[in-house]
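The block underneath contains the structure these notes are about, expressed in structure tokens.
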Amino acid sequence: MNTTPNSARPSLSTVEVSIPGHPYPVVIGPGARRRFVSYLAPFHLNRTVWITDRNVAGLWGDEIRSLSGTAAPDLVVLPAGEEQKRLATVEDLCRRFVQLGVERHDTLVACGGGVIGDVVGFAAACYLRGVNFVQLPTTLLAMVDSSVGGKTGVDLPEGKNLVGAFHQPRFVLADPDFLATLPERELRSGLAEVIKTALISGPKLFTELRSFVKRHPDLQGPDLAGLIESCVDFKAGVVEKDEREGGLRRILNFGHTVGHALECLGQYRTLKHGEAVLWGLSAALDLSVRRAGLDPRLETDIQAFLAPFLTAIPPLEFDSGEVLDLLARDKKVRRKVVQFVLLRGVGLPVVTPLADPQILIAALDHLRDRMRAGAAPEGEDREIRD
Ligand SMILES: NC(=O)c1ccc[n+]([C@@H]2O[C@H](COP(=O)([O-])OP(=O)(O)OC[C@H]3O[C@@H](n4cnc5c(N)ncnc54)[C@H](O)[C@@H]3O)[C@@H](O)[C@H]2O)c1
Ligand SMILES: [Zn+2]
């Protein structure tokens with residue numbers, strides 16, 4: 001982690017992710033995408049093959065052609081959506097690479113949201129036992145979180161991200177210009193990862209976030225680049241100490257244990273990843289009061305900040321026992337005990353084993369009641385206010 005203003009373009013900053021053996025820069029700011037060719041050059045990489053989804057191709061296809069430096073780039077366009085994050089897509093992709101003659105020293109360019117980044121990263125880890133890839137994230141979620149840190153993979157019907165690999169990109173260009181076309185629901189979903197990062201990193205980022213939301217209820221604004229940089233900087237600091245999630249990196253899963261279970265229950269369609277994480281954060285805060293000594297007044301304050309975002313999420317009916325079964329399949333389970341990331345305070349995450357199903361059931365029932373009381377009618381978004 002080492003943030004520097006980018007001298008070539010003052011509005012850009014660079015966070016160096018100093019993972020031993022695989023260091024790489026994350027360039028952040030409007031116009032960062034245009035640095036593609038110059039960042040590629042030092043690697044003496046061969047050919048590039050671009051992979052994106054239909055939505056991004058429709059909106060940004062001309063830009064992709066311009067960035068690739070050719071009118072007819074090797075471009076693979078996948079259908080959009082979390083349903084594509086499965087093994088069958090990886091097989092299809094790898095077979096396309098064979099047809100395109102992709103070789104070991106070629107580079108895959110993942111241009112899209114977290115789904116494209118995770119699938120392409122995993123294909124890059126597996127194809128020919130590993131090829132280079134780079135990330136051009138186009139959603140807020142991918143810019144602040146999924147494009148950095150090298151976690152790649154796909155879902156199984158049995159659970160989220162159950163198959164994957166650690167494979168670091170060669171560089172990441174996080175350009176907020178892409179967000180101009182992102183629907184507000186997707187922006188709010190991405191904001192969930194910003195909120196997660198703020199809560200585990202400390203009051204400074206949490207205050208920055210709250211003031212951003214107050215100033216920009218539509219979540220668009222030039223200072224978004226600063227928030228992205230703060231999140232990337234924090235994540236870089238964590239993953240460079242613990243690339244493979246032996247310890248510290250587990251804190252990045254705050255809100256994700258229940259979140260992944262809800263996402264799976266909705267068959268990856270009802271809730272977007274960030275929406276499931278938002279409810280997961282809310283449940284983790286509740287559990288933090290019950291089990292980690294979080295001050296209930298602080299919890300109330302944070303829940304009040306979350307509330308307008310939560311009420312905008314489509315409802316999901318669930319049975320707490322069903323969620324409990326899904327939690328048992330979580331990757332963080334050790335000897336059948338779910339390991340939760342809880343908060344003792346803002347910036348004070350603790351990994352806590354929760355063996356007592358009664359506490360979990362109580363928190364899940366509470367969550368379900370709040371979802372029923374607060375969720376917006378399906379398809380209808382409520383106004384977001386601070
Ligand atoms: N690898 C990691 O460390 C990590 C971290 C967090 C989340 N994730 C994963 O990320 C995924 C979620 O990512 P996501 O929220 O970006 O989802 P996504 O990739 O499905 O993108 C969301 C939607 O936005 C569209 N889109 C993308 N860019 C756009 C743009 N600029 N303008 C208009 N539309 C655009 C996409 O087509 C899609 O419909 C989940 O699978 C989650 O598990 C991974
Ligand atoms: Zn996430």
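Just so you know, these numbers use all the heavy atoms, side chains as well, and skip hydrogens, waters and symmetry mates. Whatever order the structure lists ligands and atoms in, that order sets their numbers, starting from 1. Small disclaimer: the values here were computed from a predicted structure and weren't measured. We number each residue from 1, following the sequence as shown.
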Study note, to complete from the structure: At under 4.0 Å between heavy atoms, what of Ser146 touches ligand 1? The answer is both
Review point. Who's closest to atom 27 (C) of ligand 1 heavy-atom-wise, of Asp118, Ile116, Thr139?
Key: Thr139
Check your understanding: Once rounded to 10 degrees, what value does the angle at the Zn ion (ligand 2) take between NE2 (His273) and NE2 (His256)?
Key -> 110°
Study note, to complete from the structure: The answer for which part of Asp53 has a heavy atom under 4.0 Å from ligand 1 is side chain
Practice item. Pick one of side chain, backbone, both or neither for how Lys272 approaches ligand 1, counting any non-hydrogen atom pair under 4.0 Å. Key: neither
Review point. Taking both backbone and side-chain atoms of Val148, is any N or O found less than 3.5 Å from an N or O belonging to ligand 1?
Key: no
Check your understanding: Should Thr197 and Lys235 count as side-chain neighbours, where that means a heavy-atom distance under 4.5 Å?
Key -> no
**Study point:** Which atom of Asp177 lies closest to which atom of Arg33, heavy atoms considered
**Key:** OD2-NH1, 2.9 Å
Check your understanding: Which part of Leu141 is near ligand 1, with near meaning a heavy atom under 4.0 Å away: side chain, backbone, both or neither?
Key -> side chain
Review point. Is Lys85 touching ligand 1 with its side chain, its backbone, both, or neither, if touching means heavy atoms under 4.0 Å apart?
Key: side chain
Practice item. Consider every N or O of Thr152 and every N or O of ligand 1, then say whether any pair is closer than 3.5 Å. Key: no
Review point. Can you name the closest pair of heavy atoms from Arg96 and Leu75 and give their distance?
Key: NH2-O, 4.3 Å
Review point. What do you reckon, are the aromatic ring centroids of Trp279 and Phe318 less than 6.0 Å apart?
Key: no
Review point. Have Ser282 and Arg370 got a donor and an acceptor in their side chains that come within less than 3.5 Å?
Key: yes
Point to revise | Close N or O approach (Glu263, ligand 1; < 3.5 Å) | key: no
Check your understanding: Contact between Lys160 and ligand 1, counting heavy atoms under 4.0 Å?
Key -> yes
Check your understanding: Which option out of Asn55, Leu182, Asn161 puts a heavy atom nearest to atom 35 (C) of ligand 1?
Key -> Leu182
Point to revise | Validation row: Lys85, His273 side chains within 4.5 angstrom (heavy atoms) | key: no
Review point. For atom 22 (C) of ligand 1, which candidate among Glu275, Lys196, Glu186, Lys235 provides the closest heavy atom?
Key: Glu186
Practice item. Check each atom of ligand 1 against the heavy atoms of Val115 and keep those under 4.0 Å away; list them by number with element. Key: 11 (C), 13 (O), 18 (P), 19 (O), 20 (O)
Review point. Looking at Glu275 and Arg185, does any basic side-chain N land under 4.0 Å from a carboxylate oxygen?
Key: yes
Point to revise | Arg215, CZ: over 12 other non-hydrogen atoms inside 6.0 angstrom | key: yes
Check your understanding: Given the rule that I, L, V, M, F, W and Y join up when any side-chain heavy atoms are under 4.5 Å apart, are Tyr268 and Phe122 in one cluster?
Key -> no
**Study point:** Option of least heavy-atom distance to atom 28 (N) of ligand 1 (set: Leu179, Asp155, Leu59, Thr138)
**Key:** Thr138
Point to revise | Lys160 with Glu82: basic N within carboxylate O range, under 4.0 Å | key: yes
Check your understanding: At a non-hydrogen distance cut-off of under 4.0 Å, which region of Lys151 contacts ligand 1 (side chain, backbone, both, or neither)?
Key -> both
Review point. With the threshold set at 4.0 Å, does a side-chain nitrogen-carboxylate oxygen contact exist between Glu317 and Arg372?
Key: yes
Exercise for review: Confirm or rule out an N/O/S atom of Asp145, from backbone or side chain, lying less than 2.8 Å from the Zn ion (ligand 2).
Suggested key: no
Point to revise | Proximal candidate to atom 41 (O) of ligand 1 [heavy atom criterion; set Arg185, Glu82, Glu83] | key: Glu82
Exercise for review: State the atom name: nearest N, O or S atom of Glu193 to the Zn ion (ligand 2).
Suggested key: OE2
